[in-house]
A.B. asks: 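I'd like to ask some things about the structure below.
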Amino acid sequence: MNNSGSPIAARLGLNIFAVLIIALIILAALAVLWFISKKLEALKNSQAYLEKNKDKPTSAKDINEASKHAHLTKEERDILTKIFKQHISPNLFFVLKDTQLLESYFNEEYQNIFITGNQQAITSFFSLRQKLYSSYEAVTSIKNSRLIPVETVFTYTPSQGIHYQFKLYDTNQEELHFLLPLELKPEEKPEILSKINLVFVYKDSAPFELEARVIRYQKNKENRDILVCAHSDRIMSRKKRSAPRIDFNHACTFASVKTQTNGNSTSYTVSDKRHDGIITDSSAGGCRVITKLPIKPEQYIHINAPFDGKENDQAIGMILRTTKNKNEEYILHIKFVKIRSELQNKINAVACGYQK
């Protein structure tokens with residue numbers, strides 16, 4: 001006997017249908033709540049909202065919200081609380097979008113901690129700084145090179161691993177005038193009518209890349225070389241580095257390293273044979289070294305160099321990749337695996353401009 005049309009089967013079908021309807025209603029409600037939360041978040045982060053609440057004193061609730069959003073540790077949160085007890089107004093969330101003001105607070109707090117000599121506190125301070133910038137990065141847009149202020153420094157890379165600093169010396173409605181560095185080699189100068197790419201930071205925000213056309217060369221009153229480029233609207237934003245970097249060119253030495261792993265610990269044995277190189281930049285997370293030796297990546301290396309641009313120190317790193325420049329030199333891109341926290345703090349302090 002066929003029971004497909006029985007009352008039990010009908011009730012079961014209705015129950016399944018009711019469950020599906022309820023599930024769809026719940027999903028729709030969740031979608032609406034998600035949409036509303038995103039709208040509220042966008043409103044709270046809008047410049048108009050921040051300006052309206054600019055003079056509202058920073059509260060414990062504000063500190064808690066920022067700490068949760070940036071995943072701060074207790075030590076980092078304590079430093080944040082101290083900063084905004086000293087600077088209760090403007091409001092915390094307004095300051096987090098004002099890079100120049102925020103940096104003045106950071107600089108002041110760094111100097112206060114530096115006097116104590118507490119390296120762990122300095123490490124927590126720089127961790128706090130990195131987390132806040134990552135979580136509340138100010139989004140700035142720039143549509144035309146006419147908006148770039150004089151004295152802005154641009155990085156020119158004629159070939160991989162070779163960098164020069166061009167300073168915006170002057171500007172008018174038609175042209176950009178760049179002061180060229182004395183160390184720029186004649187063969188590295190951009191050709192007239194060629195397009196070049198220059199990386200710069202606009203008003204202490206995220207980095208940008210400008211594509212501009214070279215018009216001519218000329219001399220200034222001090223007989224220095226000036227590169228003249230046409231204004232451009234070809235400006236692309238670039239991802240900000242996770243750690244601030246120091247650019248320089250200093251002699252260094254390095255040696256190979258053998259590793260031995262025992263459980264969760266790794267020991268490093270440094271070779272007695274050392275080689276000469278040039279360290280071209282450093283950050284708390286790593287550095288780049290130029291050498292004539294064709295060293296392959298995924299090897300460990302011991303470096304002795306002035307990582308902060310001043311005093312020689314040492315660190316061990318792993319070569320993430322090796323690239324070759326047009327001078328037949330090899331650029332080692334190194335990530336630190338063993339470095340003293342005090343040295344990392346020194347690098348960060350110089351890179352952020354808190355120490356000279």
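Values reported hereafter were calculated over all heavy atoms of this structure, with side chains retained and with hydrogens, waters and symmetry mates removed. Quick caveat, the model's predicted, so the values are computed rather than measured.
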A.B. asks: Does any non-hydrogen side-chain atom of Thr155 lie less than 4.5 Å from one of Leu198?
C.D. replies: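 A side-chain contact under 4.5 Å is absent here.
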A.B. asks: Do Lys219 and Asp225 pass the salt bridge (charged side-chain N to carboxylate O under 4.0 Å, His left out) test, and can you show the C-alpha distance, the side-chain angles, and the key distance before you say yes or no?
C.D. replies: CA-CA 5 Å; Lys219 299 281 187 178; Asp225 287 332; 2.7 Å; yes
A.B. asks: Looking at every heavy atom in both Ala212 and Ser232, which two are closest together, and how far apart are they?
C.D. replies: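 Scanning both residues, the minimum pair turns out to be CA-CB, 4.4 Å.
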A.B. asks: For the CD1 atom of Ile226 and the CG atom of Asn220, what is their distance to the nearest 0.5 Å?
C.D. replies: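 It comes to 4.5 Å.
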A.B. asks: Assess Lys189 against Tyr217: is NZ or CZ under 6.0 Å from the centre of the six-membered ring, and within 45 degrees of the ring's axis?
C.D. replies: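 Yes; both conditions hold, so Lys189 lies above the ring face of Tyr217.
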A.B. asks: Answer yes or no: is there a side-chain heavy-atom contact under 4.5 Å between Ile215 and Glu175?
C.D. replies: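 Ile215 vs Glu175: side chains touch.
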A.B. asks: Just so I know, are the side chains of Phe200 and Tyr202 near enough to count as touching, which here means a heavy-atom distance under 4.5 Å?
C.D. replies: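 Of all side-chain heavy-atom pairs linking Tyr202 with Phe200, at least one is under 4.5 Å.
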A.B. asks: So, do Phe178 and Tyr169 have ring centers that fall under 6.0 Å from each other?
C.D. replies: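 Aromatic pair excluded; centres sit 6.0 Å or further apart.
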A.B. asks: Let me see the working for Asn64 and Ser67 under side-chain hydrogen bond (donor to acceptor under 3.5 Å, both in side chains), right down to the final yes or no.
C.D. replies: CA-CA 5 Å; Asn64 290 338; Ser67 299; 5.5 Å; no
A.B. asks: Would a distance-only check, ignoring hydrogens and angles, find a side-chain to backbone donor-acceptor pair under 3.5 Å from Lys131 to His71?
C.D. replies: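 Checked: pair present.
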A.B. asks: Under 3.5 Å, side chain of Asn91 to main-chain N/O of Lys56, donor-acceptor pair present?
C.D. replies: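 Checking the backbone N and O of Lys56 against the side chain of Asn91, a donor-acceptor pair under 3.5 Å is found.
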A.B. asks: Can any side-chain N or O of Asn345 pair as donor or acceptor with the backbone N or O of Ser341 at less than 3.5 Å?
C.D. replies: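 Yes, the answer is positive, given that a donor and an acceptor are paired below the 3.5 Å cut-off.
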A.B. asks: Does the side chain of Lys82 come within less than 4.5 Å of Glu109's, by heavy atoms?
C.D. replies: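 When only atoms from C-beta onward are counted, Lys82 and Glu109 do touch, with a gap below 4.5 Å.
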A.B. asks: Looking only at the side chains, is there a donor atom on one of Gln173 and His231 sitting less than 3.5 Å from an acceptor on the other?
C.D. replies: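 There is no such pair (donor and acceptor under 3.5 Å, judged by atom type) between the side chains of Gln173 and His231.
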A.B. asks: After noting the C-alpha distance and the side-chain angles of His69 and Tyr136, does the key distance pass the ring-ring contact (aromatic ring centres under 6.0 Å, His included) rule?
C.D. replies: CA-CA 9 Å; His69 182 71; Tyr136 293 96; 4.8 Å; yes
A.B. asks: I'd like to know whether the aromatic ring centres of Tyr110 and Phe126 sit less than 6.0 Å apart in this structure.
C.D. replies: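 Tyr110 vs Phe126: aromatic centres under 6.0 Å.
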